[in-house]
Amino acid sequence: MNHTAFLPADILLPQNVDMTKFSVVACDQYTSEPDYWQAVRTLVKDSPSTLHMIFPEADFKTADFDQTIYSINHTMTQYLEKDIFKTYHNSLIYVERVLRNGMLRRGLVGRIDLEAYDYSSGSHSAVRATEGTVLERLPPRVKIRRKAPLELPHVMLLVDDPEQSVIEPLSFKRDVFRKLYDFDLMQQSGHLTGWLLDEKTQESVIHKLHTFGDPEVFYNRYKIKGVPVLQYAVGDGNHSLATAKRCYQDLKKRIGETAAMSHPARYALVELVNLHDASLSFEAIHRVLFGVSPEHVCSALFKKYEFSDHAMPNSQKIDLVKGNDTKTVYLLNPTKNLAVGSLQEFLDSYVAENGGEVDYIHGENVVRSLSDQKDAIGFLLEPLKKADLFPTVIVDGALPRKTFSMGEACDKRFYCEARKIR
């Protein structure tokens, strides 16, 4: 690879608006909390806002789909005609987000080349999903994006930079950069500040990112031979990025590959974040299996895997939970790089053969409460280690669904920047 898939972009930012009202959280958050979105509507009203340019997924089942999409596209067109936006050509924006808990997350806003991204299972592209893509979720999102003149990103792309060589040093230079926005986010969701990188710094950043696509550097880091380079992994918003990719693929069919290669829809706006940013917390997502005989489940698990009651080299730990009772086992012949992958493979095959239903649970206490039911059993997993994320995606491909959670809903990316895609 002789370039980085992450590039500067022509970025649109609003001018002369109330930024707190303009910026709203990612559309796939608070999907079961309509009161949250109603409070946002009450705050925003008719003020210029990304609220009027997105389709909150909480409204998917109740809204007039076609009318909502028409309204979104009409608003985008109006904002462009009324010069709500100012364009910053060929730019990168350094972002600092103070989260609700006070921690600081740093990022870079730019565009990703969709030619370098593949969300399909077993992908070997330079940009890959960290978790499996649910294809059934794409059609409504494709319908929303297909005719939209603008895109608003809530994708967080991860770079594996334990030396903190690219993004973190920008915080020491921010006083010399031009500040573009600085405001409190609504609903007690923290604070957002963005700076425009100068040309020299931008060139330096892109040069450093080149090294993450170098095959020799890749091998020296991961010691994995004979595999394509993984340069970036999608941490949040994979279905949004997959939607952009699907729309781009459809565009190529309509206008031809040559024309599509120079079309703005070839790219998608994202925020690049270091996997090793101190604010990123990977929390385990546990499992509870309902509608089964716990004894039969354990018997089947121990037929599939050899196990021990104490840790051994390359073993994987799983806690089997029945209420307050816990049995810790270590799988000795795991089929995947992580315990969650080995467990999920077993659960999928077990449910397919025997029935039952898997639920994905945050919090040990909830698992213990639910697994106390007669026909249920719980599985507690250890949190994903940051150092394991990229090697696992390289070896196993996308992780099983619901492998980890990356922060609370209020900490997800808020819409602020935009980019023309038509």
Above 12 or not: heavy atoms from other molecules or residues under 6.0 Å from [atom1] of [X]?
X      : atom1 : result
Gln38  : CD    : yes
Glu115 : CD    : yes
Asn314 : CG    : no
Lys385 : NZ    : no

Within the structure provided, determine whether [X] and [Y] are in side-chain contact (heavy-atom separation under 4.5 Å).
X      : Y      : result
Leu272 : Val166 : no
Gln249 : Val142 : no
Leu389 : Thr130 : yes
Val205 : Gln202 : no

Over all atoms of both residues, closest heavy-atom pair of [X] and [Y]:
X      : Y      : value
Leu12  : Arg419 : CD1-CA, 4.3 Å
Tyr79  : Ser49  : OH-N, 3.1 Å
Leu347 : Phe379 : CD2-CE1, 3.9 Å
Ile167 : Gly107 : CG2-N, 4.0 Å

Main chain of [Y], side chain of [X]: is a donor-acceptor contact present, judged purely on distance under 3.5 Å?
X      : Y      : result
Gln344 : Thr403 : no
Thr31  : Gln29  : no
Thr20  : Leu185 : no

Without hydrogens or angle criteria, can the side chains of [X] and [Y] be said to hold a donor-acceptor pair below 3.5 Å?
X      : Y      : value
Asn238 : Thr133 : yes
Arg368 : Thr326 : yes
Lys173 : Thr201 : yes
Asp396 : Thr392 : no
Tyr305 : Thr335 : yes

Could you check Glu295 against Ser293 for side-chain hydrogen bond (donor to acceptor under 3.5 Å, both in side chains), going step by step and ending with a plain yes or no? CA-CA 5 Å; Glu295 293 78 12; Ser293 162; 3.3 Å; yes

Taking the six-membered ring for Trp, are Tyr415 and His154 ring centroids under 6.0 Å apart?
yes

ask   = Do any pairs count as a salt bridge (Lys or Arg N to Asp or Glu O under 4.0 Å) and have a residue in residues 92-111, sequence neighbours left out, and if so which ones?
value =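 Every salt bridge (Lys or Arg N to Asp or Glu O under 4.0 Å) pair that includes a residue of residues 92-111, provided the two are not neighbours, is Glu96-Arg174.
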
Pair [X] + [Y]: basic N to acidic O under 4.0 Å:
X      : Y      : value
Arg413 : Asp236 : no
Asp118 : Lys245 : no
Glu163 : Lys208 : no

May I ask you to decide if the ring planes of [X] and [Y] are parallel, tilted or perpendicular, using 30° and 60° as cut-offs?
X      : Y      : answer
Phe60  : Phe55  : perpendicular
Phe302 : Phe307 : parallel
Phe22  : Phe85  : perpendicular

CA sep, side-chain torsions, deciding dist, call: Tyr267, Glu151, side-chain hydrogen bond (donor to acceptor under 3.5 Å, both in side chains): CA-CA 10 Å; Tyr267 304 92; Glu151 65 171 353; over 6 Å; no

